[in-house]
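Worksheet: the structure to be examined is printed underneath.
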Amino acid sequence: MHRIQNYINGSFINPIQDNWIDNYCPANGEVYGQIPNSSKEDVENAYIAAKSAFPVWSQTTLEERSRILIKISELLEDNLQGFAEAESKDNGKPISLAISVDIPRAASNFRFFGNAITQFASESHESVGQQAVNYTLRQPIGVVGCISPWNLPLYLFTWKIAPAIAAGNCVVAKPSEVTPMTAYLLGEICNEAGLPKGVLNIVHGLGTTSGQAIVVHPDIKAISFTGGTATGIHIAKVTAPMFKKLSLELGGKNPNIIFADCDYKDMLDTTIRSSFANQGQICLCGSRIFVEASIYEMFKTDFVKKVKELKVGHPSESDTNIGALVSKPHLEKVMSYIDIAKEEKAAVLCGGNKVTVQGYENGYYLEPTVIEVSTDECRVNQEEIFGPVVTIMAFETEDNVLQMANKVKYGLSATLWTNNLKRTMRMSNQLQAGIIWVNTWMMRDLRTPFGGVKASGVGREGGFEALRFFTEAKNVCIKY
Ligand code: TXE
């Protein structure tokens with residue numbers, strides 16, 4: 001059985017205690033490999049490697065850091081097919097998505113931050129009348145921890161690592177134990193690109209052991225985490241007394257608000273994507289759909305018809321729209337919400353059942369599901385399901401939908417469909433979310449701040465925000 005290894009100090013090594021975890025293929029439910037079940041000793045070794053690499057890396061010129069990051073990006077592009085196949089097999093996502101989104105975006109992350117670091121600047125303040133000038137140094141923090149989830153494995157892993165190393169830090173990183181494969185492959189690419197040993201160290205294992213060891217390590221001074229809100233709460237609690245810098249990108253339950261004056265076809269096509277892309281396992285998915293009453297019945301008919309046309313199938317088939325969910329426990333969690341919907345007397349308009357894909361009977365497939373709710377206060381409309389399940393309901397007025405949109409504990413993103421400029425401005429100002437999309441969804445410009453409010457997390461990633469997170473500001477005041 002194929003075993004992947006930890007990547008520490010530029011070498012691939014087994015976990016010290018020789019403990020391993022089975023890795024499942026979601027498309028057929030079979031174990032296809034094993035990954036290290038790393039302990040805190042493995043994390044300590046990764047930390048030691050990172051600490052030793054830091055003095056040289058933090059003093060490496062920006063041009064040289066940039067050159068290496070862009071080389072990593074190019075090598076990812078050269079190996080697009082292999083990485084996409086690995087991602088699809090590990091995660092269950094359609095290969096078409098891994099080829100068009102996940103791996104290109106991972107390459108873009110390195111290219112973007114390789115370029116961004118050459119443009120990163122800090123402020124200076126002339127203290128007029130006091131004969132002094134202040135300037136701000138932006139210094140790398142040292143060794144930082146990056147912990148990422150399973151839904152967009154390499155995409156989110158590199159979204160953290162690239163700015164961290166661009167800013168001159170050395171990293172101890174842990175991908176999700178559910179989807180470790182592309183992070184493992186990244187180590188080889190980093191060596192080929194000439195990234196010095198120890199700048200990036202990748203430890204595989206469970207959140208509660210190796211993840212926890214990163215989080216509580218006294219000398220890992222900053223943690224960038226993307227994952228579930230419950231884990232985010234735990235990390236915030238345990239790191240508070242240690243005064244660590246924290247960036248937490250957590251769950252979402254995002255409203256997709258559709259007004260009658262929108263471009264209907266564009267809205268319908270995009271709403272299919274924003275509901276079901278990646279099996280609905282994207283923190284940005286618009287899982288609560290609110291439709292203006294005057295077009296509600298038309299939308300319901302058209303949307304359900306389109307949803308029924310989506311093909312649930314093996315991720316490697318090019319015409320598959322919906323692949324497998326990431327794991328058996330996750331499939332069970334998502335399905336439990338379909339039972340909850342029935343208990344809450346909501347109407348399941350389509351979907352709701354497991355799908356048996358011929359030849360892959362033990363895969364984790366679920367029909368795309370649309371639930372019509374009569375109140376926004378039910379659990380399916382309030383709790384993050386994180387699967388191919390959306391709720392729909394009608395609204396009467398702008399005030400009414402704004403209130404419902406904001407009445408959840410999360411606040412990551414919101415989508416608005418309207419051609420009314422004043423309404424766009426009013427609603428964008430008042431929606432409680434870190435990201436608002438108007439007449440589009442998940443259109444990304446890597447320079448923009450990315451993150452949420454309320455239970456969707458703290459801090460912003462993206463652009464200079466990420467470089468600010470991964471540096472400490474130090475003010476120098478010189479009197480002349
Ligand atoms: O995430 P976890 P899970 C949501 C989604 C999902 C729920 C739970 O609703 O159903 O979260 O998913 C590591 N110390 N999102 O349980 O556990 C873990 O090993 C340090 C939204 O799979 O938060 C993995 O690397 N690390 C989300 C990472 O945290 C710990 C994406 C995420 O896993 C740890 C995924 C600990 N104590 C799920 N415990 C998004 N925002 O996109 C776990 N980990």
Side-chain angles (χ1 to χ4, degrees), residues 21 23-24 26 35-38 40 43 90-93 102 145-157 159-161 172-180 182-183 202-217 220 223-239 242 244 246-254 277-285 287 325-337 364 379-380 382-389 408-413 434-435 442 450-452 454-459 461:
I21 308 167
N23 188 18
Y24 287 82
I35 76 163
N37 186 357
S38 302
K40 74 174 200 266
V43 170
D90 217 20
N91 171 279
K93 69 177 68 214
D102 290 79
C146 297
I147 300 175
S148 60
W150 44 257
N151 56 334
L152 300 165
L154 194 66
Y155 175 133
L156 290 176
F157 193 60
W159 181 232
K160 301 180 179 306
I161 288 166
V172 177
K174 193 193 87 64
S176 169
E177 61 274 31
V178 187
T179 53
T182 47
I202 303 172
V203 180
H204 296 277
L206 300 173
T208 45
T209 50
S210 47
Q212 177 80 2
I214 294 172
V215 166
V216 301
H217 195 291
I220 297 181
I223 303 289
S224 175
F225 170 82
T226 298
T229 294
T231 314
I233 291 171
H234 170 77
I235 292 175
K237 269 190 195 156
V238 299
T239 57
M242 305 169 90
K244 291 197 187 203
L246 273 193
S247 169
L248 301 175
E249 205 273 275
L250 310 173
K253 187 76 178 175
N254 311 301
N278 205 38
Q279 295 70 247
Q281 301 166 142
I282 304 180
C283 52
L284 303 164
C285 276
S287 52
L325 272 69
V326 75
S327 66
K328 192 157 185 259
H330 189 61
L331 172 70
E332 284 162 2
K333 174 195 152 179
V334 174
M335 291 198 69
S336 75
Y337 275 96
Y364 316 135
R379 285 184 64 192
V380 281
Q382 289 286 324
E383 297 176 17
E384 186 179 43
I385 300 175
F386 217 65
V389 179
V408 284
K409 68 175 186 175
Y410 298 103
L412 188 54
S413 71
I435 302 150
M442 215 173 156
F450 180 90
K454 303 197 285 189
S456 292
V458 288
E461 301 185 287

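These numbers come from the heavy atoms of this one structure, side chains and all, not from hydrogens, waters or symmetry mates. Both ligands and their constituent atoms are indexed starting at 1 by order of listing.
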For L206 and ligand 1, does the shortest N/O to N/O distance drop below 3.5 Å?
-> no

Practice problem: May I ask you to check whether T229 has an N/O atom sitting below 3.5 Å from an N/O atom of ligand 1? | Solution: no

Short N or O distance, T226 and ligand 1, threshold 3.5 Å exclusive: no

Nearest heavy atom to atom 28 (C) of ligand 1, choosing from G207, S148, S176, C285, belongs to S148

Residues passing the ring-ring contact (aromatic ring centres under 6.0 Å, His included) test with Y364, sequence neighbours excluded, are none

Measuring from non-hydrogen atoms of Q281 to any atom of ligand 1, is the shortest distance under 4.0 Å?
no

Heavy-atom proximity to atom 41 (N) of ligand 1, picking from L250, L152, V178, points to L250

By side chain to side chain donor-acceptor pair (under 3.5 Å), K40 pairs with (sequence neighbours left out) none

*State whether any protein heavy atom lies less than 4.0 Å from atom 33 (O) of ligand 1.*
no

In plain terms, say whether E461 and K160 are close enough for a salt bridge, that is, a side-chain N and a carboxylate O under 4.0 Å apart. yes

ask   = Could any protein non-hydrogen atom be found less than 4.0 Å from atom 16 (O) of ligand 1?
value = no

Checking heavy atoms under 4.0 Å, the part of H234 that sits near ligand 1 is side chain

Looking only at non-hydrogen atoms, the one of T231, V238, I385, V216 nearest atom 23 (O) of ligand 1 is T231

